[in-house]
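This report concerns only the one structure given below.
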Amino acid sequence: MKNLFIVLSGIILLISCEKNDGKQSHVENRKPDTLAIPNQEKNVIPEAENVDYCYLNVLAKDSMFMTYRVTNGIVKGKLKYKNFEKDSSFGEITGTISADTLKVNYKFVSEGVTSEREIYFLQDSGVLLEGIGNYADNNSAKLVYRSPKAINYSTGRRLNPVDCKSIK
């Protein structure tokens, strides 16, 4: 009877540890999204000309919204980080698409200061994964990645595609 109690307690403990608390977990621990995107196109960023693309990430009281349009091969749009009890930012993005990677320059205002930084997003199963990496110390007004090959996409925000009409 004592052994049965220990085994049942262990099973209950394991089940309770796997409960989803609504927080964003690391990308490598997630199952791929099941979006209606053909397999061969899941890791290619859409780049149809003159079409609005919108992406959203909501985590607790923080959110991130990005919209862009491709015209003549150039990406232009807006990006907004709305953070709870932290500095938020809003600005313009311009950049390019290279297969599964969206490479943008983000010119934004935060706390009354205008800044610029490079941000990469990796397409994975229909979502965009924000790249996190070290920026070079080049005393430039624009922050650029020290090594694009060292960018980590598993710890950044996960932006899901949304209908642009539902956000505006």
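Interatomic distance, CE of Met66 versus CD of Glu130, reported as 9.0 Å (0.5 Å rounding). One distance of note links OG of Ser147 with CG of Asn134; it measures 9.5 Å at 0.5 Å rounding. The structure places CG of Asn105 at 5.0 Å from OG1 of Thr94, a figure rounded to the nearest 0.5 Å. Annotation: the span from Tyr81 atom OH to Ser110 atom OG amounts to 11.5 Å, rounded to 0.5 Å.
Partners of Tyr106 by side-chain hydrogen bond (donor to acceptor under 3.5 Å, both in side chains), not counting sequence neighbours, listed by chain and number: Ser89. Ser115 pairs by the side-chain hydrogen bond (donor to acceptor under 3.5 Å, both in side chains) definition with nothing, not counting sequence neighbours. Shown here are the side-chain hydrogen bond (donor to acceptor under 3.5 Å, both in side chains) partners of Lys80, two or more places apart in sequence or in another chain: there are none. Every residue meeting the side-chain hydrogen bond (donor to acceptor under 3.5 Å, both in side chains) condition with Asn83, not counting sequence neighbours, appears here in chain and number order: Arg157.
No single ILVMFWY cluster, assembled from side-chain heavy atoms under 4.5 Å apart, contains both Leu79 and Ile74. No continuous path of ILVMFWY side-chain contacts below 4.5 Å connects Val144 to Tyr120, so the two sit in separate hydrophobic clusters. Each of Leu102 and Ile132 belongs to its own hydrophobic cluster when Ile, Leu, Val, Met, Phe, Trp and Tyr are linked at side-chain heavy-atom distances under 4.5 angstrom.
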Given the rule in the side chain to side chain contact (heavy atoms under 4.5 Å, CB included) test, do Leu56 and Leu159 qualify, once you have shown the distances and angles that lead to the verdict?
-> CA-CA 5 Å; Leu56 177 68; Leu159 288 94; over 6 Å; no
Given the rule in the side chain to side chain contact (heavy atoms under 4.5 Å, CB included) test, do Ile119 and Tyr145 qualify, once you have shown the distances and angles that lead to the verdict?
-> CA-CA 8 Å; Ile119 306 175; Tyr145 288 118; 4.2 Å; yes
Can you list the steps and then say if Asp137 with Arg146 is a side chain to side chain contact (heavy atoms under 4.5 Å, CB included)?
-> CA-CA 8 Å; Asp137 298 324; Arg146 181 177 302 151; 3.8 Å; yes
So Phe121 and Thr101, side chain to side chain contact (heavy atoms under 4.5 Å, CB included) or not? Walk me through it.
-> CA-CA 6 Å; Phe121 296 92; Thr101 308; over 6 Å; no
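No more than 12 heavy atoms of other residues, nucleotides or ligands shown are found within 6.0 angstrom of NZ on Lys76.
Pairs engaging residues 57-70 under the salt bridge (Lys or Arg N to Asp or Glu O under 4.0 Å) rule: Asp52-Arg69 [sequence neighbours left out]. For residues 102-117, the set of pairs meeting the salt bridge (Lys or Arg N to Asp or Glu O under 4.0 Å) definition, not counting sequence neighbours, is empty.
Using a 4.5 Å heavy-atom threshold, the side chains of Met64 and Lys82 count as separate. The closest side-chain heavy-atom distance from Gln123 to Leu128 is below 4.5 Å. Pro161 places a side-chain heavy atom less than 4.5 Å from the side chain of Val127.
Residues Phe65 and Tyr55 place their aromatic rings such that the two centres sit no closer than 6.0 Å. Checked against the 6.0 Å centroid threshold, Phe108 and Phe90 do not count as a close aromatic pair.
Listed here is the closest heavy atom pair of Thr67 and Ile93: O-CD1, 4.2 Å. Contact between Val70 and Val75 at its shortest, heavy atoms only, is CG2-CG2, 4.1 Å.
Checking side-chain atoms of Glu49 against main-chain N and O of Gly73 turns up a donor-acceptor pair under 3.5 Å.
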